[in-house]
Amino acid sequence: TGWLGALHPDDLQRTVAIWNGHLSSGAPVDIDYRIRLRDGSYRWMRARASARRDPSGAILRWYGTLEDVHAERLAQTALTDSEERFRLAVQSARLGIWDFDCVNGSRTWSNEFRRMLGLDEHQVATTELALSLVHPGDRDRLKYMLEAVAAGTLPPHFEATLRIYRADTGALRWIRSTGWMTRSDAGRPLRIIVTFRDVTEEHDADERIRWAATHDPMTRLPNRTLWQAALEEMAARAQADGRTFGLLLLDIDDLKRTNDAMGHDAGDALLCAFAQRLASVAPADAVLGRLGGDEFGLAAPSLTDSAALERLSAALIDNVRTPHVHQGRSLDCGVSIGGAVFGVHADRAEDLLKAADLALYASKGAGRGRLTLFQSTLRAQAQQRSSMIRMARQVVAERLATPFYQPRIDMRSGHVLGYEALLRWHHPRMGVQLPGTIAAAFDHPEISAALTAQMLDAVLVDLQCWLRSGFDPGRVAINAAAADFASGDFADRVLSLLDRANVPTTHFEIEVTES
């Protein structure tokens with residue numbers, strides 16, 4: 001036993017125990033341990049020995065060999081360490097491993113992969129089992145991949161995302177797989193390693209982001225971007241099939257009044273209530289959307305003509321007449337609607353949307369709470385409005401507006417009581433023009449406010465001149481539009497201008513236009 005003195009202290013107890021057991025049993029020995037060399041260093045040795053017995057079976061001698069396996073042991077230790085690091089990395093990354101030996105056809109699933117699938121460690125890894133857990137919509141794709149694996153036609157690197165149902169709970173999960181293939185020098189597939197990662201939470205987060213980008217969070221309807229994309233797809237299908245479909249654009253008539261009178265919470269409740277009522281009367285194939293503010297859109301292949309649009313609009317108008325109750329208060333809701341039919345009023349989604357928008361504008365101008373179907377005259381009217389707006393912008397930019405004064409006379413005495421300042425403007429070629437030539441501008445908040453400002457400046461200049469010359473014009477009235485009062489500081493601005501011009505307020509009057 002003198003050789004035991006050369007054993008590494010960490011190997012001594014183990015080695016002695018094994019030898020003692022084998023000396024008793026006579027079974028062959030195969031053991032590794034470290035031996036100290038003359039220079040004091042240690043090397044790994046492999047000791048193997050067998051007993052020689054006499055005819056009765058008693059052990060006579062032991063014969064054995066001692067083999068230097070230091071290099072192999074270091075390599076094995078390094079490999080074990082590497083595999084352990086790989087195992088820990090895979091475990092921390094929550095990766096499942098699927099290992100396919102292309103030579104003998106064996107499959108190995110890691111424990112993490114089995115847990116991912118909801119399987120226990122004893123279930124045999126088979127193609128049938130894998131396919132049974134995959135969502136029917138992805139099953140053919142996985143089957144193709146498995147067949148490609150067997151045929152060796154997969155590329156060296158491949159990726160796929162599949163839906164699976166867990167075997168234990170039936171829960172739907174999204175799994176992303178990434179695979180690598182190794183080949184022999186002759187190009188024959190040798191081994192395929194596929195890693196799997198559960199990306200359900202990432203997928204759900206992406207879906208939430210995608211949904212938020214394409215839907216209105218309040219009504220939960222598609223927003224303008226998604227709705228218009230659906231409209232274009234519907235138009236492309238209808239054009240290819242030679243079919244028609246109907247489009248309605250809808251505006252809630254009372255939303256601003258509700259916001260102003262009862263607050264934005266009530267306005268938001270009205271928007272949601274309208275969206276629900278719209279959905280309740282819409283056809284099953286309708287695509288609904290909130291296009292912004294108080295505007296909604298509805299397109300449906302089943303609405304094939306104007307009569308269908310009229311029936312649906314009548315049902316909706318009747319439905320929204322029933323007041324919506326919010327926090328004990330009744331919210332009235334009317335709706336103005338513009339309609340157009342694809343294939344009749346337009347042959348492109350963009351033109352159909354414009355046609356319905358023109359019809360909606362006409363509905364709101366005609367008193368609201370009604371449907372207007374597109375007619376070609378509406379386009380001519382829109383072009384006329386556009387032309388008026390362009391001219392009005394020129395009037396503002398070049399300060400072409402000027403007041404003409406209409407006297408107000410006491411019919412009993414014949415005395416002039418004052419004047420009304422009427423807007424006229426000078427066309428460079430056609431001379432003095434009536435306000436009707438730019439009538440559309442008075443409904444345009446920015447332009448109408450700018451025209452009022454120009455008229456105020458001109459009237460105050462005239463008043464200054466008259467008063468300085470000793471002429472008493474009485475009260476001079478000027479028209480103000482809704483946009484002037486909407487600014488919130490109209491009164492302060494007018495009083496400030498009068499003060500700077502030194503014009504007494506007794507000589508000035510504001511008239512509110514009929515609209």
Side-chain angles (χ1 to χ4, degrees), residues 214-224 226-235 237-238 243-258 266-326 329-346 349 352-353 355-364 366-374:
T214 56
H215 288 77
D216 169 47
M218 186 182 304
T219 62
R220 305 188 72 79
L221 293 177
N223 61 15
R224 178 179 287 273
L226 180 60
W227 184 81
Q228 284 194 203
L231 177 66
E232 289 169 3
E233 288 181 15
M234 194 180 296
R237 289 196 301 268
R243 297 178 181 274
T244 62
F245 69 88
L247 168 66
L248 293 177
L249 292 182
L250 313 102
D251 254 16
I252 301 176
D253 293 335
D254 302 299
L255 182 62
K256 186 179 185 307
R257 183 168 61 82
T258 299
D268 293 348
L270 184 60
L271 277 169
C272 293
F274 177 80
Q276 292 168 2
R277 294 189 184 190
L278 176 61
S280 70
V281 301
D285 61 350
V287 177
L288 304 178
R290 183 186 175 196
L291 310 187
D294 57 1
E295 186 178 357
F296 292 77
L298 181 154
S302 58
L303 301 174
T304 56
D305 53 31
S306 297
L309 293 180
E310 289 172 347
R311 287 192 297 270
L312 176 60
S313 299
L316 178 61
I317 291 170
D318 186 59
N319 186 300
V320 299
R321 281 200 185 104
T322 305
H324 172 72
V325 178
H326 172 67
R329 301 181 69 178
S330 177
L331 305 180
D332 294 326
C333 180
V335 58
S336 297
I337 309 173
V341 178
F342 184 84
V344 177
H345 300 132
L352 184 70
L353 196 56
D357 195 43
L358 291 172
L360 175 60
Y361 184 89
S363 275
K364 291 190 287 188
R368 302 177 179 271
R370 67 186 67 202
L371 164 71
T372 300
L373 290 171
F374 176 77

[X] versus [Y], closest heavy-atom pair with distance:
{"X": "Gly369", "Y": "Ile317", "answer": "O-CD1, 4.1 Å"}
{"X": "Leu221", "Y": "Ala275", "answer": "CD1-CB, 3.9 Å"}
{"X": "Gly339", "Y": "Ala359", "answer": "N-CB, 3.8 Å"}
{"X": "Ser280", "Y": "Asn319", "answer": "OG-ND2, 3.8 Å"}

Hydrogens and angles aside, do Asp253 and Ser336 bring a side-chain donor and acceptor to less than 3.5 Å of each other?
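Ser336 and Asp253 do have a side-chain donor-acceptor pair below 3.5 Å.
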Any chance you could lay out the side chain to side chain contact (heavy atoms under 4.5 Å, CB included) test for Phe245 and Leu352, step after step, and finish with the verdict?
CA-CA 10 Å; Phe245 69 88; Leu352 184 70; 3.7 Å; yes
Taking side chain to side chain contact (heavy atoms under 4.5 Å, CB included) as the test, write out the residues that go with [X], two or more places apart.
{"X": "Ala230", "value": "Val287"}
{"X": "Glu310", "value": "Leu371, Leu373"}
{"X": "Thr322", "value": "Arg277"}
{"X": "Arg237", "value": "Glu233, Met234"}

Working to the nearest 0.5 Å, report the span between [atom1] of [X] and [atom2] of [Y].
{"X": "Leu303", "Y": "Leu248", "atom1": "CG", "atom2": "CG", "value": "6.5 Å"}
{"X": "Leu271", "Y": "Ile252", "atom1": "CG", "atom2": "CD1", "value": "4.5 Å"}
{"X": "Leu360", "Y": "Thr372", "atom1": "CG", "atom2": "OG1", "value": "8.5 Å"}
{"X": "Leu298", "Y": "Leu250", "atom1": "CG", "atom2": "CG", "value": "6.5 Å"}
{"X": "Arg290", "Y": "Leu278", "atom1": "CZ", "atom2": "CG", "value": "12.5 Å"}
{"X": "Leu353", "Y": "Phe342", "atom1": "CG", "atom2": "CZ", "value": "12.5 Å"}

Restricting to salt bridge (Lys or Arg N to Asp or Glu O under 4.0 Å), what partner residues turn up for [X], sequence neighbours left out?
{"X": "Arg321", "value": "Asp318"}
{"X": "Asp357", "value": "none"}
{"X": "Asp294", "value": "none"}

Please tell me if the side chains of Val320 and Leu316 come closer than 4.5 Å, counting only heavy atoms from C-beta onward.
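Yes. Closest side-chain heavy atoms under 4.5 Å.
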Residue pair Leu249 / Leu291, side-chain heavy-atom distance below 4.5 Å:
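Yes, at least one pair of side-chain atoms sits under 4.5 Å.
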Sequence-distant partners of [X], side-chain hydrogen bond (donor to acceptor under 3.5 Å, both in side chains), two or more places apart:
{"X": "Thr304", "result": "none"}
{"X": "Asp268", "result": "none"}
{"X": "Gln228", "result": "Arg224"}
{"X": "Ser306", "result": "none"}

Show me the pairs that pass ring-ring contact (aromatic ring centres under 6.0 Å, His included) and involve residues 267-304, at least two apart or across chains.
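Sorted result for residues 267-304: Phe274-Phe296.
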What orientation do His345 and Phe374 show, parallel under 30°, tilted 30 to 60°, or perpendicular over 60°?
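Plane angle over 60°, so perpendicular.
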